[in-house]
Amino acid sequence: MTEPSRFFLTTAIDYPNSRPHIGTAFEKLGADVQARYRRMQGYAVFFLMGNDENTVKVAKRAAELGVEPKPYCDDMAEQFQEVWRALAISYDDFIQTSEARHHQGCQKFIQKVYDNGYIYKGNYEGWYCDGCESFKTEKDLDDNRRCPIHLTPAVRRVEPCHFFALSKFQDRLIRFYEENPDFIQPESRRNEVLNLVQTELRDVNITRSGQSWGIRVPFDPDFTIWVWFDALLNYITAIGYGTDEARFQKWWPAQLHVIGKDITRFHCAQWPAMCMAAGIEPPRRVFGHGFVYDKGGRKIGKSMDNVVEPMDLITKFSAEAFRFYFLRECPFPGDGEFSWERFVEVCNADLANNLGNLYSRVTRLLSQNYNCHLDDTAKLEPGEFYTDTDVETIVKQVQEHVEACEYSQALQRIWLKLLDPANQYLERTEPWKLVKTDKAAVKRILYDMVEQLRGVAILLKPFLPSMAETIYTSFNFRQSWDSVRYEDVWSHPRQTEDLRLVAELPDGKVKPLFMRIV
RNA sequence: CGCAGGGUGGAGCAGCCUGGUAGCUCGCAAGGCUCAUAACCUUGAGGUCGCCGGUUCAAAUCCGGCCCCUGCAACCA
């Protein structure tokens, strides 16, 4: 038996100056499906998430609340994780960039880059607002070059700082993209980054001065490390860079960074360059997902007034409904939309009316006519239904979509190719009528339908872990739920005993999988 | 002339790479069924596939031009 392939994946780390919103949750969901899918398929998975804490805004926010930054961050980290747990996000580790392991790793990294000659001292010149105590871009300022917050004119200011020699990596980056065509996904983002690297790759000021909160630059302690340089490093400090070399070697390079499309440039240009500068391998793949907008097309985010608390949705409906809506309705590579009306619509149509209802009608037919036990089915092969459904092809298509992070398409496939035909098949064969004249034929039909549910449960496992398990464990399938893989859907391992419905039947019926929202 | 994505029946999307009867979900109308969560199934109405031109026997699909919308444009992550 060979060592299982390792799969290290990460999400972007979040700013804890406000609570998580559905946009941030969307990203974690997408990564979670990937993590769950890879685990199912036998990979040794390490799924990392975290918070990005070494920023001035966090320190300011803490000051506003009259608390120290660290306890503030710890409290926020707990609040974030509360949401992630409620959504059944299966992360293996949660790093806070204020942790000692991160500080140590960061300092080691920046020192290494410095020793390798890719950091030099220089001056940064730009527009500075005294009120904000920070530099501003032209875009940040109004037409009269005034700070829109303080309404005072920005002044030209020159400040000593340290630069990371990003421009030196132009050729190496371009070669890297050529040698790794799958590095940037979806593919549409490739040109964007390529263009950026070819035309305007500039050295980056990676230090800030005059701040107490943050990570000290080891070779020049007057400075702290700029958040972006420090934030990206969470991907390696969490797995032991600078603190546990063996562990780091085990997991690095990351198989996949799941990020928002807006930070593609940092992950696709600056980050691999940083890795090269420190003499470590760049990550294998970066996936820039789309955003969730509200009905008016506005981005849902902390700065808008349209924040939807994930917890509201979870407590009002369920984590599974939450997961389903965003995974089914919002294309992960592209943008999606959220509205309460649509949420109810999608959940009712797909979860209650289709999947849930199919489960109810099949189990009911079983309990009512066969006392939950299908005699002499121990060695039965799937029958009629499977002859006109090429399950193997369907599963492979779903798999391709999942591996490409095209979750909405994967789910659509499952509904269109497996669930809809199942409902139609029941309609065509009318087992509730046929059972009066040909019980053996109906047995076969129900056997096939249960087989269909088994397949759907396995395919849905990464998406709806709880609902899928409920379906699967309603029957006495021989294979344990923990060990199922996608291949098992079409290989349909034989039963050794007769097929039985083993779910509890409170009123002679199974508990509905998903109640219609009214 | 910065870069990228998008403009397809009332709403939301797929199809475009690899041209050939325009598909899916919701909504709407009629019918069927009663195992099921008033769920399910069938049929129907509804589209100049942003605009103009080109290539072709044939274009939503390829090529050129134009219009509109949305992100990004590095020191805000």
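Reminder, nothing fancy here: chain letters follow the sequence lines and each chain counts from 1. Remember, predicted model here, so these are calculated numbers, not experimental data.
By the 6.0 Å contact criterion, CD on A/Glu504 is open, its count of non-hydrogen atoms from other residues, nucleotides or ligands being 12 or less.
The listed nucleotides are B/rG12, B/rA77, B/rU37; the one nearest the side chain of A/Ala352 is B/rU37. Out of B/rA39, B/rA77, B/rC75, the shortest distance to the side chain of A/Tyr124 is found at B/rC75. Considering only the side chain of A/Asp262, B/rA77 comes nearest among B/rC26, B/rC75, B/rA77. The side chain of A/Asn423 approaches B/rC40 more closely than any other nucleotide in the set B/rC26, B/rC40, B/rU37. Comparing B/rA77, B/rU37, B/rU25 by their closest approach to the side chain of A/Arg342 singles out B/rU25.
We find that OH of A/Tyr425 is positioned 19 Å from C1' of B/rU42, with the value rounded to whole Å. Atom P of nucleotide B/rC40 and atom CZ of A/Arg428 are separated by 18 Å, given to the nearest angstrom. Protein atom CG of A/Asp350 is 14 Å distant from nucleotide atom C1' of B/rC40, rounded to whole Å. Remark: P of B/rU37 and CG of A/Asp507 are 10 Å apart, rounded to the nearest angstrom. Rounded to whole Å, atom P of B/rC75 lies 17 Å from atom CE of A/Met274. Atom CD of A/Glu320 is separated from atom P of B/rU37 by 21 Å (rounded to the nearest Å). Note: CZ (A/Phe80) to C1' (B/rA77) measures 12 Å, nearest angstrom. In this structure, A/Glu337 places its CD atom 13 Å from C1' of B/rU70, rounding to the nearest Å.
Between A/Asp74 and A/Lys70 there is a salt bridge, since a side-chain N of the basic residue sits under 4.0 Å from a carboxylate O of the acidic one. The pair A/Arg428-A/Glu430 fails the salt-bridge criterion, with no side-chain N (NZ, NE, NH1 or NH2) lying under 4.0 Å from an Asp/Glu carboxylate O. Using a 4.0 Å cut-off between a side-chain N of Lys or Arg and a carboxylate O of Asp or Glu, A/Glu400 and A/Arg413 do not qualify as a salt bridge. Ion pairing between a basic and an acidic side chain is recognised when a charged N comes within 4.0 Å of a carboxylate O; A/Arg342 and A/Glu337 show no such pairing. One finds a salt bridge joining A/Asp14 and A/Lys28 here, because a Lys/Arg side-chain nitrogen approaches an Asp/Glu carboxylate oxygen to under 4.0 Å.
Taking atom P in both B/rG9 and B/rG15, the straight-line distance is 16 Å, to the nearest Å. Going from the C1' atom of B/rC33 to that of B/rA38 covers 13 Å, rounded to whole Å. The gap from the P atom of B/rG71 to that of B/rU55 amounts to 38 Å, rounded to the nearest Å. Spacing of P atoms, B/rA22 relative to B/rA60, comes out at 9 Å, to the nearest Å. B/rU48 and B/rU8 are spaced 12 Å apart, taking the C1' atom of each and rounding to whole Å. As rounded to the nearest Å, B/rG44 and B/rG6 have C1' atoms that lie 32 Å from one another. Comparing the C1' positions of B/rU42 and B/rU34 gives a spacing of 16 Å, expressed to the nearest Å. Straight-line distance between the C1' atoms of B/rC67 and B/rC57: roughly 32 Å, to the nearest whole Å.
A/Asp52 comes within 4.0 angstrom of sugar-phosphate atoms only, judged by non-hydrogen atoms across all strands, and of no base. Contact annotation for A/Leu201: base contact, defined as any heavy-atom pair under 4.0 Å involving a base atom. Note on A/Leu196: nothing from the nucleic acid sits closer than 4.0 angstrom, heavy atoms only.
Taking 3.5 Å as the limit, the base of B/rC75 and the side chain of A/Arg208 contain a donor-acceptor pair of atoms between them.
The shortest distance between the side-chain N/O atoms of A/Arg265 and the OP1/OP2 oxygens of B/rA73 is not below 4.0 Å. One finds no side-chain N or O of A/Gln412 lying less than 4.0 angstrom from the OP1 or OP2 phosphate oxygen of B/rC13. Between B/rU37 and A/Asn353, no contact under 4.0 Å exists linking OP1 or OP2 to a side-chain N or O.
Evaluation of the salt bridge (charged side-chain N to carboxylate O under 4.0 Å, His left out) test over residues 506-518 of chain A, restricted to residues two or more places apart or in two chains, returns none.
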Per-nucleotide protein contact string for nucleotides 28-35 of chain B, where B marks a base within reach and S marks sugar-phosphate only (heavy atoms under 4.0 Å, - for neither): ----BSSB
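The side-chain tip of A/Lys439 points at the ring of A/Tyr370 from less than 6.0 angstrom away and within 45° of straight on. Cation-pi check for A/Lys60 over A/Trp213 is not met; the charged atom does not lie both under 6.0 angstrom from the ring centroid and within 45 degrees of its normal.
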Worked check of ring pair (Phe, Tyr, Trp, His ring centres under 6.0 Å) between A/Trp271 and A/Phe266: CA-CA 6 Å; A/Trp271 177 223; A/Phe266 291 104; over 10 Å; no
Audit row: A/Phe176, A/Phe169, ring pair (Phe, Tyr, Trp, His ring centres under 6.0 Å) steps and yes/no: CA-CA 10 Å; A/Phe176 176 67; A/Phe169 292 90; over 10 Å; no
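If you check the side chains of A/Tyr359 and A/Ser474, you find a donor sitting under 3.5 Å from an acceptor.
Comparing A/Gly356 and A/Glu345 by the nucleotide of RNA chain B whose heavy atom lies nearest to each, the residue mapping closer to the 5' end is A/Glu345.
Consecutive pairing runs in RNA chain B reach the stem threshold at B:2-7 with B:67-72, B:10-13 with B:23-26, B:28-32 with B:40-44, B:50-54 with B:62-66, where a stem means at least three Watson-Crick or G-U wobble pairs with distances under 3.5 Å.
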